[in-house]
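Whatever order the structure lists ligands and atoms in, that order sets their numbers, starting from 1. Residue numbers run from 1 in the order of the sequence given.
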Amino acid sequence: MRLSQYFIPTLKETPAEAQIASHRLMLRAGMVNQETSGIYTWLPLGLLVLEKIQKIVCEEQDRIGCHKVLMPTIQPAELWKKSGRYEAYGKEMLRITDRHDREMLYGPTNEEVITDVVAQYVKSYRALPLVLYQIQWKFRDEIRPRFGVMRGREFLMKDGYSFDLSSEAATETYKKIYESYLRTFRRMGLTAIPVRADTGAIGGNLSHEFQIVAPTGESTIYYDGHFESLSAEDMTFDVASKLYAAADEMHKVEECPLPVEQLKTARGIEIGHIFYFGTKYSEPLGAKVTTPDGQTIPLEMGSYGIGVSRLVGAIIEASHDDKGIIWPESVAPFKVGLINLKVGDAKVDALAEGLYNHLSTKDIEVLYDDRDERAGTKFADMDLIGLPWQIVLGNRTLDTGMVELKNRKTGEKVEIALEQVADKI
Ligand code: ATP
Ligand code: MG
């Protein structure tokens, strides 16, 4: 992509309304624009990251045999009256009336809709286990939308729903998804701590929140220091769920089994949340199947959320410095930023164009700064946008054939021959 032809409306000044780094940086890097409280337009750069996150989430869901669907954002109130949540959900639910005076709502979550679908089509234990998921916009009229996309009113969520015949089978599904969440977040460069959670408004039996440590997190988390020494392979349900970890009210000093020196306290950002809640929705919505011995019983269900749009902010909270964002490669909008310091010089332009085309043919995503701007502006913008690699090319390249390759994360710079830079990346 040529920056001169792209749309990245970066800001020089720090927007006054932004209280935390990720919000400030997303506005300054031209990733999102706020339309009204808690509601955002995703601009090209922000959307690229949002899409990379979605791709990782989908790959990991598909890997464990979940099937992707897409439910509507607008739902009939009727289903929620059946489950008993229409009144219970309160003011967070955006309620709408259509032209025929029928009550509708903008979905804050989708247990009712998916259970209704499964109730119609799944009649036998042979169809189980079944996990359906989607990535869809949700609306919750949060009392205090803040921190940009971290607590929006309209936000993008991956929500999955599991259906099993027995509570043992449902627990196995829960464990499998728990482990796949750890892998999903790891691929985004995040170490998530699964903390015991309150089963709250959804109600139920087993629940974990996935939290990442960040000073600006909204929760306080209390966890066993051993989490930090667990390797990726050790992070199984059986190992991790035996370590103590709890957030906020779930942590009771008198119940905490850990000696003080082993207990860590930090602020956490909740990026995912999973529940096992049995027959809470299958019973009232009639999702029942026949068992091998001919009985008819309600399905055992769980639900599994990932805050897809929140993750964009959360990843930035976990990875930035005073110059800007530092994207992990897996979610970076482009892998490389190519800076031409001599735009207008025919010879340098030719070298830069050549390298740009070469990188593109190698499927390396490159953002080419071909603008006629001062070097300082180019460096500052590239650091702000935070692509993992920067290649700088100028007059010296003509003399020596060398370019400068900078690693955004470490700040390390090396001189490297123009022909070798693609292989190095
Ligand atoms: P929170 O305690 O942060 O309000 P929640 O328990 O209400 O979260 P869930 O209903 O479990 O959240 O939703 C699944 C995931 O969706 C959460 O783990 C979070 O990452 C994300 N999420 C929830 N509310 C918002 C919001 N207002 N803006 C952005 N992401 C959100
Ligand atoms: Mg909430």
Could you list the atoms of ligand 1 found under 4.0 angstrom from a heavy atom of [X]?
X	value
Gly272	18 (O)
Val149	29 (C)
Glu142	24 (N), 26 (C), 27 (N)
Ile271	18 (O), 20 (O)

So which atom in Ser219 and which in Asp248 form the shortest heavy-atom distance, rounded to 0.1 Å? CB-OD2, 3.4 Å

Atom 3 (O) of ligand 1: which of Arg151, His273, Glu270, Glu218 has the nearest heavy atom? Arg151

Closest to atom 7 (O) of ligand 1 among Met150, Arg140, Glu154 (heavy-atom distance):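 Minimum heavy-atom distance to atom 7 (O) of ligand 1 goes to Arg140.
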
Option among Glu270, Glu218, Glu92 that satisfies the salt bridge (Lys or Arg N to Asp or Glu O under 4.0 Å) test with Arg151: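 That would be Glu218; it is the only one of Glu270, Glu218, Glu92 passing the salt bridge (Lys or Arg N to Asp or Glu O under 4.0 Å) with Arg151.
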
Could you verify whether a donor N or O on one side chain and an acceptor N or O on the other, from His273 and Tyr304, lie under 3.5 Å apart? no

Under 3.5 Å side-chain donor-acceptor pair for Lys158 and Gln134: no

Suppose we screen for side chain to side chain donor-acceptor pair (under 3.5 Å). Which residues come up paired with Ser4, at least two apart in sequence or across chains? Asp370

Donor-acceptor contacts under 3.5 Å from residues 183-194 side chains, at least two apart:
from   : atom 1 : to     : atom 2 : distance (Å)
Arg183 : NE     : Glu60  : OE1    : 2.8
Arg183 : NE     : Glu60  : OE2    : 3.3
Thr184 : OG1    : Ser180 : O      : 2.7
Arg187 : NH1    : Glu59  : OE1    : 3.0
Arg187 : NH1    : Glu60  : OE2    : 2.7
Arg187 : NH2    : Glu59  : OE1    : 2.7

Polar atom proximity, Gly152 to ligand 1 (N or O, under 3.5 Å): yes

